Each structure stands twice: as structure tokens, then as C-alpha cells.
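Every chain is numbered from 1 and lettered A, B, ... according to where its sequence line falls, protein lines coming before strand lines. It should be emphasised that the depicted structure is a prediction, and the values quoted were computed from it without experimental measurement.
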2 protein chains.
Amino acid sequence: MNRPESEGRDLYAIADLAEEFGISTRAIRFYESKGLLTPERVGTTRVFRRRDRARLILILRGKRLGFSLRDISDYLSLYDAHSQVKQTRMLVAKVEERLTLLEAQKADLETTIGELKDIKKLAEEQVGVGS
Amino acid sequence: MNRPESEGRDLYAIADLAEEFGISTRAIRFYESKGLLTPERVGTTRVFRRRDRARLILILRGKRLGFSLRDISDYLSLYDAHSQVKQTRMLVAKVEERLTLLEAQKADLETTIGELKDIKKLAEEQVGVGS
DNA sequence: TCGTGAGTTGACGTATACGTCAACCATTCC
DNA sequence: GGAATGGTTGACGTATACGTCAACTCACGA
């Protein structure tokens, strides 16, 4: 069910990921120092795999949403637990908590978007839309 | 069309607002120092009106959404421009820019919410939902 | 008149999230 | 073998968003 031969074929250098996601290598090292990433080492050099890359995507999305690295760390552990499927009750509670937060955030966002659309409409009427 | 008599009837002390919104008076003073609020003064004491209270609500919502005070400041100026209705073309552009940002954020949020719901579902199946 | 409570202004401290810089390997290419 | 290239670790600096604290003012009531 596992394919050891296909493993070890997805290796990224720190600079690869930095460039791909438009962040600094220093930032990536910082995330590692906070335990959000756990790349392997070849000697002293970091080697990242698909898992790390996926986590990095989650990290950056979390940041775009305004979460702290601490929040994101918790969030990532939900994913880990997800694949490990242990302490499942705790997990459900945590997920629900997070969902409540996010749904509230979504409501805030929708309110804000609505208000801005109103402003835009009024402003456009003021000018004459097509002019 | 304006009712001067009904004005000046909505006065809040700094502590009123702090308590109402569960923040510190220091925070409110900080927002003022950053130009986000402009309460009047009676002697040295700050006096807030409905306008300030409304702005504070926008500030706190912005913060919940993960925006910096700098962002929120820009955002508030959209509202100001909105009521003043000047520089209208600039305003439309700014609003559109902000809307693009927020729509992207909303997409991020919906993705995240979706993922968490998946995790929750899997976890619940693992346990047996009603148990 | 004294003190008590509420408000005010700096000044300083703190946590987060990095950027910058120096000094140091390790490879590789000529 | 020397230089360039890319990677590594501290150490230090910076911006944001406040909290904490000291020292002061002012109004009010016993």
C-alpha cells in the first residue's frame, strides 16, 4: 500500500520554497524554529518534502487570515491529529472551537464587504458610472 | 433636515467605551494617538460621541479580521470620504482594491472552514457521532 | 481640607514576526 | 587551490500594538 520507491522524489531546498511563495529564507527558518516546519537535514542543510510544502501553504494562508503563528501552530496540529486520528474527542472540540471563530470572522468579512459595496455604489452614482 | 437640538446628547466617557467593548482605556488612548479616534475635550478629559463610538466598532471589527491599525486607518478614511463625497474617483479605486483583498480573504476563509469541517466529519466517524 | 477616584501624559517594557548582518562551513567550477 | 555560490547559526535591530507604572491634575464628598 505504500510505495517506498516513489518516496524521496520530492525534495525542495529552502530557496526553492522561499522563491515559490515569495517569502525570505529567514522567515522559513523562523517558522522551523517555532516548530511549524520540521525539514530533514543533509548534513546541516535543510531538505523539505511535500509535507513541509503543504504545511507552508497552510501557514501562509493562516497569516493572510490574520492568525498568529501560535494560532497557526495549533491549527497545524489539527491536521496532524487528523492524519494520525488519535485523541479524537479533543480534536472534535478543538475543530468546533476553531470553526466558531472562523464563522464569526466570515460574518465580519461579509458585513465589511457589504459596506464597501454600498460605498462604492454611492461613489459611482456620484460620478456617473460609465464616464 | 438637521436637528441641532438632538445633537450633543450622546456623550461617552473613555471608561464607558472601554467597558462596553471590553478593551482598556489605554488602548482607546492609543487609537486616538494614531488618529483613528478624535474625541472632543472638556478641559483635558476626552468626550466621545456616537461618531467615535461607531468608528471604534469599525476598528475592533478590523482588528478581528487581522488588519493592522494602519490598514484600519485607511479603511476609516474610506468611510469619511464616503460621507464627504469628494475625491470620488480615488475612492472607488480604493474601495475596489480593498474589496479584492477581502474577497480573497473570504475565499481563504471558506477553504479553511471547509477543511476543518472535513476533519471534523472524519473524526466524528472515527468515534461514532452520537456516542 | 484631605483623600479618594477618575482622568491624563510620558516613559518604559513586552510579545510577535521577522530583517539584517557578521562570521562561518561546504561545494563546485575554473 | 582560490573564489564564487549557497547554506547555517547567533546576535541584534525594528515595527506593531498595546500593558504597566509613575507622577500629576481635578472634581467631589465627608
Side-chain angles (χ1 to χ4, degrees), chain A residues 8 10-49 52-53 55-77 98 101 105 108, chain B residues 10-49 52-53 55-77 98 101 105 108 112:
Chain A
D10 57 318
L11 304 180
Y12 306 91
I14 190 169
D16 297 341
L17 295 181
E19 193 187 355
E20 177 175 0
F21 297 110
I23 59 180
S24 71
T25 60
R26 189 67 184 77
I28 293 177
R29 278 192 282 270
F30 183 70
Y31 299 151
E32 181 189 356
S33 78
K34 293 295 170 181
L36 303 189
L37 296 173
T38 51
E40 292 166 55
R41 298 288 181 133
V42 174
T44 66
T45 301
R46 274 164 258 253
V47 175
F48 299 80
R49 301 198 177 227
D52 299 301
R53 189 172 166 283
R55 288 174 74 91
L56 187 51
I57 291 173
L58 290 178
I59 291 168
L60 297 178
R61 200 172 70 201
K63 281 173 58 59
R64 283 200 304 277
L65 291 176
F67 290 110
S68 70
L69 291 192
R70 185 76 174 80
D71 290 337
I72 294 169
S73 177
D74 296 348
Y75 187 61
L76 288 175
S77 71
R98 181 73 57 169
L101 231 159
Q105 189 163 339
D108 274 349
Chain B
D10 56 317
L11 304 181
Y12 305 91
I14 190 169
D16 297 341
L17 295 182
E19 192 187 355
E20 176 174 0
F21 297 111
I23 58 180
S24 69
T25 60
R26 190 67 185 80
I28 293 177
R29 279 192 282 269
F30 184 71
Y31 300 152
E32 181 189 356
S33 78
K34 293 296 171 181
L36 303 190
L37 296 173
T38 51
E40 293 165 55
R41 297 290 181 132
V42 174
T44 66
T45 300
R46 275 162 258 253
V47 175
F48 298 81
R49 301 199 175 226
D52 300 301
R53 189 171 165 284
R55 289 174 74 90
L56 187 51
I57 290 172
L58 290 178
I59 292 168
L60 297 178
R61 199 172 71 200
K63 281 173 57 59
R64 283 201 303 277
L65 290 175
F67 290 110
S68 70
L69 291 191
R70 184 79 174 79
D71 290 338
I72 294 169
S73 177
D74 296 350
Y75 187 60
L76 288 175
S77 71
R98 180 73 57 168
L101 232 159
Q105 189 164 338
D108 273 349
T112 305

Side chain of B:S73, backbone of B:L69: donor and acceptor closer than 3.5 Å? no

More than 12 foreign heavy atoms under 6.0 Å from CZ of B:R64: is that the case here? yes

Just to be sure I understand the geometry, which residues of residues 17-26 of chain B put a non-hydrogen atom under 4.0 Å away from DNA chain C? B:R26

Can you give me the N/O atom pairs linking the protein to nucleotides 13-15 of chain C at distances under 3.5 Å, or say none if there are none?
none

Do A:L58 and A:I72 have side chains that approach each other closer than 4.5 Å (heavy atoms only, starting at C-beta)? no

Taking atom CG of B:L60 and atom CG of B:L65, what is their separation to the nearest 0.5 Å? 11.0 Å

Counting distance only, does the side-chain N/O of B:R55 pair as donor-acceptor with the main-chain N or O of B:L36 below 3.5 Å? yes

Go nucleotide by nucleotide along DNA chain C from the 5' end; which of B:A15 and A:Y31 gets its closest nucleotide reached first? B:A15

Nearest-Å distance for atom pair CZ/C1', residues A:R46 and C:dC25: 14 Å

Residues in residues 35-45 of chain A with a heavy atom under 4.0 Å of DNA chain C, by number, are none

Would you jot down, in residue-number order, the residues of residues 61-75 of chain B having a non-hydrogen atom under 4.0 Å from DNA chain C? none

A:A13 and A:F48: which non-hydrogen atoms are nearest, and at how many Å? C-CD1, 4.2 Å

Whichever of B:A27 and A:R29 has its nearest DNA chain D nucleotide further upstream toward 5': A:R29

Show the nearest heavy-atom pair for residues A:T25 and A:I14, with the distance to one decimal. O-CD1, 3.6 Å

Minimum heavy-atom separation for B:L56 and B:L37, please, with both atom names. N-CD2, 4.1 Å

In whole angstroms, how far is the C1' atom of C:dC18 from the NZ atom of A:K34? 10 Å

Euclidean distance, atom CD1 of residue A:I14 to atom P of D:dG6 [Å, nearest integer]: 14 Å

Applying ring-ring contact (aromatic ring centres under 6.0 Å, His included), can you list everything that pairs with B:Y31, at least two apart in sequence or on another chain? none

Nearest whole angstrom, please: distance from the C1' of C:dT20 to the CZ of A:F30. 15 Å

Within a strict 4.5 Å, meaning less than it, do heavy atoms of the A:V47 and A:R41 side chains meet? no

Any pair counted as salt bridge (charged side-chain N to carboxylate O under 4.0 Å, His left out), so long as it reaches residues 14-29 of chain B, sequence neighbours left out: B:E20-B:R53

Ion pair present between B:R46 and B:E32, side-chain N to carboxylate O less than 4.0 angstrom? yes

Can you tell me the distance, in whole Å, between the CD atom of B:E32 and the C1' atom of C:dG7? 13 Å

B:I59 CD1 to D:dT16 C1', in whole Å, measures 15 Å

